[in-house]
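Just below is one structure, and these are the notes that go with it.
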Amino acid sequence: MNTTGFDALNRFIEDAAAEESSPALADALAHAEEFALPTPDAATGALLTTLVASATGHSSAEDGATRDKAQAIAITPASSVVGLHLLAGLPESGIVTCIDPEAEHHNHAKQTFREAGYPPSRVRFLPSRPLDVMGRLANDAYQLIYVDSDIVDYPALVSAAWPLLSKRGTVVLAGSLLDGTVADESRKDRATDAAREADAAVAKLDDAHVTRLPLGSGLTLVTKL
């Protein structure tokens, strides 16, 4: 597919998503734009909903995870946007844990979820640096972990997230490929080195399936087999 066709396809997806968008999601996107927060594009948002729905739909008591215990984590300042996509795919009892140090964004997300009809019991907020609290979360308990944070933290975040993931769950690393600059051997800056280190780390994980997609500035999906 040429660049023109790819751009046309993206516009079609974005236009379709805009027509289907809820007032709560529109408000969440407006808040993110006001504060220049990174948000998933329409295709990525739909993918998040599908991934978490698929993972929780296949959970079983044998795996130690049931639909009643379905959980996801959103590590991003744009928790209202990402949270809505995740909640749309979770069963009615599923819970999203939002992790970000900025309380202001959490407060907006609480209001957004309430307006979207989700009760407070469906979401918990941890206003802390992700690496400060992830070690306190339960292992093998989460079906999807979405990460959109400082790229230099990605290698450590991969290591912290992997034990938390249940079987057939997925870690989603947003912006992980830096618009393809990870493949530019002339790039030696700190961010690119961190992105390469994170990519190497996921490739070495046992019982993992890694998928890299040209969504946003590069999306990496790491699924626990």
Side-chain angles (χ1 to χ4, degrees), residues 40 43-76 79 82-83 85-100 122-124 126 129-177 182 194-225:
T44 302
L47 178 62
L48 292 177
T49 301
T50 299
L51 285 172
V52 75
S54 177
T56 56
H58 285 90
S59 295
S60 67
E62 182 181 352
D63 299 329
T66 68
R67 288 181 61 83
D68 289 338
K69 297 180 181 178
Q71 297 187 81
I73 298 175
I75 300 173
T76 170
S79 54
V82 175
H85 288 302
L86 296 178
L87 287 165
L90 285 167
E92 290 185 2
S93 57
I95 297 172
V96 174
T97 297
C98 300
I99 306 176
D100 186 74
R122 296 290 308 278
V123 188
R124 66 171 173 168
L126 302 179
R129 291 183 65 253
L131 291 172
D132 290 343
V133 296
M134 291 176 71
R136 306 174 199 167
L137 302 179
N139 288 346
D140 305 311
Y142 298 88
Q143 286 72 55
L144 189 139
I145 302 173
Y146 178 84
V147 179
D148 193 348
S149 186
D150 189 335
I151 195 71
V152 300
D153 290 334
Y154 273 34
L157 287 169
V158 168
S159 297
W162 191 245
L164 308 182
L165 203 65
S166 65
K167 190 174 182 180
R168 289 189 289 271
T170 299
V171 175
V172 180
L173 302 175
S176 56
L177 305 181
V182 290
R196 291 183 182 128
E197 184 181 346
D199 192 69
V202 299
K204 294 177 182 177
L205 289 171
D206 294 329
D207 298 322
H209 180 76
V210 181
T211 302
R212 301 170 184 85
L213 298 174
L215 296 174
S217 57
L219 196 72
T220 302
L221 312 179
V222 194
T223 302
K224 184 176 284 188
L225 303 177

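The chain is numbered in sequence order, starting from 1. Please read all numbers here as calculations on a predicted model, not as lab measurements. Note: hydrogens, waters and symmetry copies are ignored here, and every other heavy atom, side chains too, is used.
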[X] (side chain) donor-acceptor with [Y] (main chain) under 3.5 angstrom:
X      : Y      : answer
Thr49  : His85  : yes
Thr50  : Ala46  : yes
Arg196 : Val182 : yes
Tyr154 : Ala174 : yes
Ser79  : Thr76  : no

Nearest-0.5 Å distance, [atom1] of residue [X] to [atom2] of residue [Y]:
X      : Y      : atom1 : atom2 : result
Ile151 : Leu157 : CD1   : CG    : 9.5 Å
Trp162 : Asn139 : CH2   : CG    : 12.5 Å
Arg168 : Lys224 : CZ    : NZ    : 12.5 Å
Leu221 : Thr170 : CG    : OG1   : 6.5 Å
Leu86  : Arg122 : CG    : CZ    : 10.5 Å
Thr56  : Leu51  : OG1   : CG    : 10.5 Å

Where is the tightest heavy-atom contact between [X] and [Y], given as atom of each residue plus distance?
X      : Y      : answer
Val123 : Cys98  : CG1-SG, 3.9 Å
Val152 : Ala194 : CA-CB, 3.5 Å
Gln143 : Lys69  : OE1-O, 4.1 Å
Ala138 : Leu164 : O-CD2, 3.5 Å

**Request:** Check the pair Thr44, Leu213 against side chain to side chain contact (heavy atoms under 4.5 Å, CB included), reporting the backbone distance first and the verdict last.
**Result:** CA-CA 10 Å; Thr44 302; Leu213 298 174; over 6 Å; no
**Message:** Side chains of Thr220 and Arg212: any donor to acceptor distance under 3.5 Å?
**Reply:** no
Is there a side-chain contact between [X] and [Y] (heavy atoms, below 4.5 Å)?
X      : Y      : value
Pro130 : Ile75  : yes
Thr211 : Thr223 : no
Ile99  : Leu137 : yes
Asp199 : Ser176 : no

**Request:** Begin from the C-alpha positions of Val171 and Val202 and carry the test side chain to side chain contact (heavy atoms under 4.5 Å, CB included) through to its verdict.
**Result:** CA-CA 10 Å; Val171 175; Val202 299; over 6 Å; no
**Request:** Determine the sole option in Leu48, Val147, Asp148 for which the side-chain contact (heavy atoms from CB on, under 4.5 Å) test with Val172 is passed.
**Result:** Leu48
